[in-house]
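Residue numbers start at 1 and run along the sequence shown.
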Amino acid sequence: MTTIFSFKADPPLDLIDYVVGIDSDSWLDTLRRGREVLRDNAQKSAELLLNPLEDEEFPQTHRLAVAAFVAGLHGDTAIYRLYLDLLERSEQEKELSPVIENLSRQGRTLGPYGAYPAGPLSGEDLKGSEFEVSDVNVDRSLARALEHAHFLTFHPRDASVQALERLKKAGWTDTGIVTLSQLISFLAFQIRVIHGLSVLRDVGPAAGATLSENPS
């Protein structure tokens, strides 16, 4: 793409449209406008979570680092590269983005791991090691945030108060933890939407119409 994505672009750029490559007045554009509220809310959420007016408690650079890390864990190359690019442009020293690239590679695994309450689903319990950030180039607060992002991505069954306490010990407040959790949850949603639209883009409008009418 010749246009460089920015949250401050004029006219505004829709992040999902940008990543998928949806042109104005295309069939995919028409498809997305059929759910205009969902489309607008997805963009507003991206702006609020990744380009906040105030970011003292959770700096934008750290938000973008988490976003790139999560996208890397999901293996979605297009959005991963976009978030890495935004991260590089947000940094003064440009030292964090290669660290996030390396951590994303290290953190990729299968899953989801964890244990269900004792019962009929216990047969689906799956053990998996937790991810630890030991890179000296990542400060303690961000390291715990990245570990929490990995935990929620691959160990959703194991969510606990203890997991939140690790964040608090690293200086995270209740408000910051809520924002971090919202960001991680939003990224999972956003990545699924991008994947689905990318599939539709690749199969074309005729096959795409069939798939969208019969998602099963």
Side-chain angles (χ1 to χ4, degrees), residues 1-55 58-91 94 96-98 100-101 104-105 107-108 149 152-153 179-216:
M1 297 178 182
T2 56
T3 302
I4 297 176
F5 181 85
S6 171
F7 285 108
K8 299 178 181 179
D10 187 17
L13 295 173
D14 182 278
L15 191 150
I16 291 177
D17 284 355
Y18 179 90
V19 171
V20 180
I22 299 176
D23 296 323
S24 178
D25 298 326
S26 66
W27 71 277
L28 274 178
D29 179 57
T30 301
L31 181 66
R32 287 207 74 201
R33 291 192 185 282
R35 296 188 175 182
E36 195 74 33
V37 173
L38 178 62
R39 184 182 197 172
D40 290 345
N41 286 342
Q43 180 61 20
K44 289 175 182 177
S45 295
E47 293 171 355
L48 287 170
L49 291 168
L50 293 165
N51 188 43
L53 295 177
E54 298 180 1
D55 67 354
F58 189 1
Q60 185 185 28
T61 296
H62 286 189
R63 294 174 186 236
L64 291 170
V66 171
F69 178 69
V70 171
L73 293 180
H74 281 273
D76 195 296
T77 304
I79 188 65
Y80 172 54
R81 288 297 167 191
L82 174 61
Y83 283 141
L84 278 179
D85 178 63
L86 289 172
L87 175 60
E88 289 176 358
R89 285 189 269 143
S90 74
E91 295 182 87
K94 290 185 171 55
L96 188 55
S97 52
I100 295 299
E101 284 191 88
S104 295
R105 285 193 294 269
R108 287 173 194 155
L152 291 184
T153 300
T179 303
L180 173 62
S181 300
Q182 288 175 331
L183 174 59
I184 296 167
S185 176
F186 168 72
L187 290 166
F189 157 77
Q190 183 191 60
I191 290 167
R192 287 196 299 270
V193 171
I194 288 171
H195 175 74
L197 289 171
S198 297
V199 170
L200 292 176
R201 176 201 63 203
D202 293 342
V203 300
T210 302
L211 287 174
S212 60
E213 291 171 3
N214 303 283
S216 60

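Partners of Ala149 by side chain to side chain contact (heavy atoms under 4.5 Å, CB included), not counting sequence neighbours, listed by chain and number: Val66, Phe69, Val70, Ile184. Residues that satisfy the salt bridge (charged side-chain N to carboxylate O under 4.0 Å, His left out) test with Arg108, not counting sequence neighbours, are absent from this structure. Applying the side chain to side chain contact (heavy atoms under 4.5 Å, CB included) test to Leu38 and every residue at least two apart in sequence or in another chain returns Arg35, Phe189. Every residue two or more places apart in sequence or in another chain was checked for a salt bridge (charged side-chain N to carboxylate O under 4.0 Å, His left out) with Glu54, and none qualifies. With sequence neighbours excluded, the residues satisfying side chain to side chain contact (heavy atoms under 4.5 Å, CB included) with Ala68 are Tyr83, Leu84, Ile100.
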With a 3.5 Å cut-off and sequence neighbours excluded, list the donor-acceptor pairs that the side chains of residues 196-204 form with protein atoms.
residue, atom, partner, partner atom, Å
Ser198, OG, Ile194, O, 2.7
Arg201, NH1, Val20, O, 2.8

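Distance OG1/Thr179 to CZ/Phe186: 14.0 Å, rounded to 0.5 Å. Going from atom CG of Leu48 over to atom CG of Leu183 covers 11.5 Å, rounded to the nearest 0.5 Å. The distance from the CG atom of Asp23 to the CG atom of Asp17 is 9.0 Å, given to the nearest 0.5 Å.
Salt bridge annotation for Glu101-Arg81: present, with a cationic side-chain nitrogen under 4.0 angstrom from a carboxylate oxygen. Arg33 has no carboxylate O lying under 4.0 Å from a charged side-chain N of Asp25, or vice versa, which leaves the two without a salt bridge.
With contacts defined as side-chain heavy-atom distances shorter than 4.5 Å, the pair Asp14/Ile22 does not qualify.
Between Phe5 and Tyr18 the shortest heavy-atom distance is N-OH, 3.4 Å. Across all non-hydrogen atoms, the minimal contact from Ala67 to Leu187 is CA-CD1, 3.5 Å. Between Leu13 and Ser6, the shortest heavy-atom distance links the atoms CD1-N, 4.2 Å. Nearest heavy-atom pair, Ser97 versus Leu87, reported as atom, atom and distance to 0.1 Å: CA-CD2, 3.6 Å. Nearest heavy-atom pair, Ala71 versus Ile79, reported as atom, atom and distance to 0.1 Å: CB-CG2, 3.8 Å. The minimum heavy-atom distance between His74 and Ile191, with the atom names listed, is CD2-CD1, 3.6 Å.
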